[in-house]
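Notes for the one structure printed next.
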Amino acid sequence: MQPLIDNARTFGQRPEEFAKLAEGQSPQVLFITCSDSRVVPALITGARPGELFELRTAGNIVPPYASEHPTGEAATIEYAVEVLGVRDIVVCGHSHCGAVGALVRGDDLTAVPAVRDWLAAATPRPAGAAGDPEVAEGVQSHVLTQLLRLRSYPCVERRLAEGRLGLHAWYYEVHTGAVRTHRPQTDTFESL
């Protein structure tokens, strides 16, 4: 913890670098990814403060849209699309994902009931080889499922129909730093 505290103490000593941020934000991309500490969206994309709107959830899950019981995730997506006017949404899964790996393997999650219930309620079990430590196939299948779920959000559906929004599926390899994107034409994940 101490290195984090030390950095935080010196971070605010450059106010001229951050003054413009007080004027507001205008990110062009909503980046939905896992809460995993090895996945750092700004590092992966090179984004500066104010350039990337982030939604991080266990397993980069986009829950089903439900207007009668809205979730924090749904509110974040709606805000990004309707208020901030993002032009693109990236759903980025990653290798060695604990959440997707648990789903693929069918792990017993009774010791972590909130995690178990989140995963069970929020996503179907993805395809993939249970013995693959990278869970590449499972994560890639899972990311595509989340993109399909995004399409059911009224604000996303409307912006897509207007041609004012792009959806992108990415797969990040934590062990190499490589990023792959889904190519619908070939239904494969290829290097950016």
Side-chain angles (χ1 to χ4, degrees), residues 1-4 30-45 52-80 89-154 156 167-184 187-192:
M1 186 71 190
Q2 193 58 49
L4 301 176
L30 168 59
F31 199 91
I32 301 172
T33 195
C34 187
S35 304
D36 191 300
S37 63
R38 299 168 294 179
V39 180
V40 183
L43 184 64
I44 295 167
T45 63
L52 199 62
F53 201 65
E54 296 180 26
L55 171 58
R56 299 185 68 147
T57 68
N60 53 268
I61 291 172
V62 175
Y65 182 80
S67 59
E68 63 277 357
H69 299 288
T71 64
E73 296 82 14
T76 299
I77 293 164
E78 187 176 76
Y79 185 82
I89 300 176
V90 173
V91 177
C92 182
H94 67 94
S95 68
H96 304 87
C97 182
V100 174
L103 288 169
V104 168
R105 292 184 302 271
D107 289 356
D108 177 6
L109 300 174
T110 55
V112 283
V115 173
R116 178 198 61 216
D117 294 349
W118 167 252
L119 295 176
T123 189
R125 185 175 176 177
D132 176 13
E134 292 179 35
V135 290
E137 181 185 357
V139 170
Q140 291 170 8
S141 167
H142 177 72
V143 166
L144 294 175
T145 298
Q146 304 318 301
L147 271 190
L148 285 174
R149 181 136 333 119
L150 263 176
R151 292 177 177 275
S152 73
Y153 280 60
V156 172
L167 299 181
H168 312 274
W170 285 10
Y171 173 71
Y172 171 65
E173 295 179 346
V174 299
H175 55 292
T176 67
V179 179
R180 302 184 184 285
T181 187
H182 182 256
R183 306 276 185 218
D187 195 26
T188 58
F189 279 80
E190 300 173 8
S191 296
L192 282 174

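Source: prediction; values computed, not measured.
One distance of note links CZ of R149 with CD1 of I61; it measures 8.0 Å at 0.5 Å rounding. Taking NE2 of H182 as the start and OG1 of T188 as the end, the distance is 6.5 Å to the nearest 0.5 Å. Annotation: the span from L30 atom CG to E78 atom CD amounts to 12.5 Å, rounded to 0.5 Å. The OG1 atom of T57 lies 7.5 Å from the CD atom of Q146; values are rounded to the nearest 0.5 Å. For the atom pair L109 CG and L119 CG, the distance stands at 6.5 Å (nearest 0.5 Å). One finds the CG atom of L167 at 9.5 Å from the CG atom of L148 (value rounded to the nearest 0.5 Å).
For the pair W170 and T45, the minimum side-chain heavy-atom distance is below 4.5 Å. The shortest side-chain heavy-atom distance between C92 and P41 does not fall under the 4.5 Å cut-off.
Between Y79 and F53, the ring-plane angle classifies as tilted under the 30° and 60° cut-offs.
Contact record, E54 with A42: OE2-N, 4.4 Å, taken as the closest heavy-atom pair. Of all heavy-atom pairs spanning Q140 and Y171, the tightest one is NE2-CD2, 3.3 Å. Nearest heavy-atom pair, P63 versus Y153, reported as atom, atom and distance to 0.1 Å: O-OH, 2.6 Å. Between S95 and H175, the shortest heavy-atom distance links the atoms OG-ND1, 3.3 Å. Heavy-atom minimum distance, R56 versus V40: NH1-CA, 4.3 Å. Between P126 and V100, the shortest heavy-atom distance links the atoms CG-CG1, 3.9 Å.
Counting heavy atoms of neighbouring residues, nucleotides and ligands inside a 6.0 Å radius, atom CZ of R38 exceeds 12 of them.
At least one donor-acceptor pair closer than 3.5 Å links the side chain of T145 to the backbone N or O of S141. Checked by atom type and distance alone, the side chain of H142 pairs as donor or acceptor with a backbone atom of G59 at under 3.5 Å. Side-chain atoms of T181 do not come within 3.5 Å of backbone N or O of L192 as any donor-acceptor pair. A donor-acceptor pair under 3.5 Å is formed between the side chain of D108 and the backbone N or O of T110.
Considering N60, I32, V62, T33 as possible partners of V143, the one that fulfils the side-chain contact (heavy atoms from CB on, under 4.5 Å) test is N60.
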For E190 and R180, run side chain to side chain contact (heavy atoms under 4.5 Å, CB included): C-alpha distance rounded to whole Å, both residues' side-chain angles, the deciding distance at 0.1 Å, then the answer.
-> CA-CA 5 Å; E190 300 173 8; R180 302 184 184 285; 5.9 Å; no
